[in-house]
Amino acid sequence: MDGEELTEQETALYDRQIRVWGADAQRRLSKSHILVCGMKGTVAEFCKNIVLAGVGSLTLMDDRVVTEEAWSANFLIPPDENVYGGKTIAEVCCDSLKDFNPMVRVSVEKGDLSSLDGEFYDKFDVVVVSCCSKLINEKCRKLSKRVAFYTVDCRDSCGEIFVDLQNHKYSKQKIEETIECQLQYPSFEEAISVPWRALPRKASKLYFALRGVFEEAEGRSPGEISIADLPAVLKLKKELCEANALNASHVTDSLLERLIIGTREFPPVCAVVGGILGQEVIKAISCKGEPLKNFFFFDVMDGKGVVEDVSNPKKESK
Amino acid sequence: MVSERQLEAIKGAKVLMVGAGGIGCELLKTLALSGFQDIHIIDMDTIEVSNLNRQFLFRQSHVGQSKAKVARDAVLKFRPQMSITAHHANVKDPKFNVEFFKQFNVVLNGLDNLDARRHVNRLCLAADVPLVESGTTGFLGQVTVHVKGKTECYECQPKPAPKTYPVCTITSTPSKFVHCIVWAKDLLFAKLFGDRNQENDLNVRSSDAASSSDHAEDVFVRRKDEDIDPYGRRIYDHVFGYNIEVASSNEETWKNRNRPKPIYSADVMPENLTEQNGNVAKNCVVDTSSVSAMASLGLKNPQDTWTLLESSRIFLEALKLFFAKREKEIGNLSFDKDDQLAVEFVTAAANIRAASFGISLHSLFEAKGIAGNIVHAVATTNAIIAGLIVIEAIKVLLKDTDKYRMTYCLEHITKKMLLMPVEPYEPNKSCYVCSETPLSLEINTSRSKLRDFVEKIVKAKLGINFPLIMHGSNLLYEVGDDLDEVEVANYAANLEKVLSQLPSPVTNGTMLTVEDLQQELTCNINIKHREEFDEEKEPDGMLLSGWTQAPPAKDDKQSMNDKQSIGNGGDSSNALQTEPADAVKDGEMEEISEPSGKKRKLSEGSKASILDATDGTRNHKEVEKLDDDDDDDVVMFDDLDSMTNKKKRLQ
């Protein structure tokens, strides 16, 4: 237990959430440092949630200029050129986020995250990126201290979250008792290497579909994929399914089409997925409550929010 | 992606949001981003500091201002083209009548109390406007869809009533800390600082009624020249010492229970009285809102659990401060969770009582939560629920009936899901709100008065606060501003008559009609005369059927044995049930019916509740539609008994 007490200001402001996760967890939150890369709508939602929760600091990275697409799903960007003109997405969002909680230090970092070194990563406890990067995940894993890694992506009416907490110790409540638990997470690379036939038959088809989409997208800048790429993606899907002995009809063409065409985010999905992500990060920092492992999917079509454990059972220690 | 059809529907929709708090802020933001253009918001509350951890449209500088208005202004900043109309008013105000509701394509609730939810439900039914309901508590949340004629209405399934406690548990045999809180808040605090004329159960268990009630009056009132310190100790010794000794002497009560220990101030605090006087003199605070016993005594952390000694010191200090700094308010005070001194006093008193009865003491933080009915809340759950509400709202606008879902946001992964959608049910044919099925009331028509019927059935159970009661074409009772003196006198007289003696006699076989004009609700009740009622099980002397009361929260076995009970909110009158609105008035309860077994099945083996689903009980199996080109994975909870059961799923 940390020696410092919460201030009177914090106790008054955070009263309702301290009643959920306790003063100890609130203290840990106030000492945590979060890095976020790629300020899409869902990430904006996440940032709002995490700032309200009272983290120590939040660092934003997104050097893109503000466009109509940017502010259409991101309520942190006012659609007024007088306000956003000349600024990057991260800078505009930073100004808005500071307002939500004066006790959180919100700042902007420029540059390409994947080219920065371990010393930079070491400043943070949590890294959230909006397009998956094995490279960034690896950098997080190379540090001596544990840096929690998350990716989040929403397209069309679907959303996906990937979680890597490496070795995570936490406590959970079972009736009146507190139980200490531990979970072992695979890296992103390890996770997607798990052969598809090892996964349960009813595993979320979004998992497979998105792997196909992302593999096609690899190496290309986000948003570059379009309907023109659909035939290539369908071909890739067929190959992947054959290689993995998965029935190709399990991942429908219409699903893939939706994901290719619908690159814009759907605001209600941003709210849902950004909320789930917020909760998960809070759990990871506070070490309280069982975090999800290791993929989360949401699809408006069926309305389900599903957790898939994509990990190699042999490597796990239960 | 949003289709053309969806975009059209969204752009042209007129939406009513009821509530601009935790869910409301998230909802308004998501509606705006999703392209909605015309929104009305109703909220009667003003902004408080404790809201700011999640109601992100508000800032510290907005504290005290109208939630509806500030929310509107905040959203207009990033969607200036929208039309947002803010109503800083109570949704129950008559101006929000059926005509008002009819102008909307859908109503979205983000409320925090059962009473308002029922009211909106009835208006939506009367106006035939779809309603999307929701609620959150901590990490739990849910969204439900209600469309007249197609799905259940909000009241088709009974909602849990607020918890009440038997009077004697509070006055004589507390076994939990919450009992001590209710005693400290509704009895002691009320007696010392509240309305003197209010009936109070504080000394209810005195053996000799006549002499001890005189004795009681003397005890609690401060005598003319009495110094505050001896007064404080006198009160302390009376309620924690003398009263406990008296109660302890009753053999029957303590046969199977541990006797409480009387506690006297001299034993706990044998210190020099003048020392305490000195402290008060130094405390020159003028601002009543910052008057605090904790501050006086140097107890800084609200999370610390005080000892008996600390609690006793706080008790006396708080009492002293009330008289020293807030004398004018004494006699008019009612407990307010945001009144620091009141919370300190109640915590201290509850703790001392707890010590007496061998119950563990609690911190101010915990006590405040219990006394103030505070509901824990975080931003993330509200954000998730808001997203789900908008998704359902769009389906409703497009009338995609078979896509409607009730969605539950779970705290723990169940069947691999954190968000669990379930198909809505068809309307309940016995729901008196949406199906106009008559209810039955067993009552002694020669003994029960009309007043009993009105208070205990019409208001308390049916939630009709402005009733019109008719027997055929004869008006037995009504309320309204447009009544003349004669009518008012007439109705007042009727209230005092027993049913069989009313101008239009109500006897066995009579059908009464109860209406609420504002809610456009009509309810027919068949009267059945019955001579005797079980004093323990039916203390009201009435039995209403065809209406299912949800099971009370867990440990209420005792309440069946007692004639009266007390709720943890509202006043300490002998009402069998505190009105839901009162019970949550000073709290922020955002109600949710937990999908964990608290729903009662309306008929055996019929309803698939979330509990059954998560338990994987034999009655239910999960069927997933095989998809061809269809991406829809519909979670359907088919029960094997559906063959014999009339209750059908929404097709």
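For the numbers below, each heavy atom of this structure counts, side chains included, while hydrogens, waters and symmetry mates do not. Reminder, nothing fancy here: chain letters follow the sequence lines and each chain counts from 1.
- Residue contact with chain B, scored on non-hydrogen atoms closer than 4.5 Å, involves the backbone of A:A73 exclusively.
- Of the atoms belonging to A:E290, not a single heavy atom falls under 4.5 Å from chain B.
- Contact count against chain A (heavy-atom pairs under 4.5 Å) is highest for B:V378 among B:V378, B:I394, B:I385, B:T381.
- In this structure, the portion of A:P200 lying under 4.5 Å from any heavy atom of chain B is its side chain and not its backbone.
- Annotation: cation-pi pair B:R79/A:F75 absent, no NZ/CZ under 6.0 Å from the ring centroid and within 45° of its normal.
- Neither the backbone nor the side chain of B:E392 comes within less than 4.5 Å of any heavy atom in chain A.
- Both the backbone and the side chain of B:L52 have a heavy atom closer than 4.5 Å to some heavy atom of chain A.
- Most heavy-atom pairs under 4.5 Å with chain A, from the set B:G369, B:A32, B:G138, B:G35: that is B:G369.
- Partner of A:F298 under the side chain to side chain contact (heavy atoms under 4.5 Å, CB included) criterion, out of B:L388, B:I384, B:L418: B:L388 alone.
- Contacts of A:W71 with chain B are made by both backbone and side-chain atoms, with heavy-atom separations under 4.5 Å.
- Neither the backbone nor the side chain of A:L76 comes within contact range of chain B, judged by heavy atoms closer than 4.5 Å.
- Contact of B:F365 with chain A is made through backbone and side chain together, with heavy-atom distances under 4.5 Å.
- Within a 6.0 Å sphere centred on CD of B:E4, other residues, nucleotides and ligands contribute 12 heavy atoms or fewer.
- Only the side chain of A:E45 comes within contact range of chain B, judged by heavy atoms closer than 4.5 Å.
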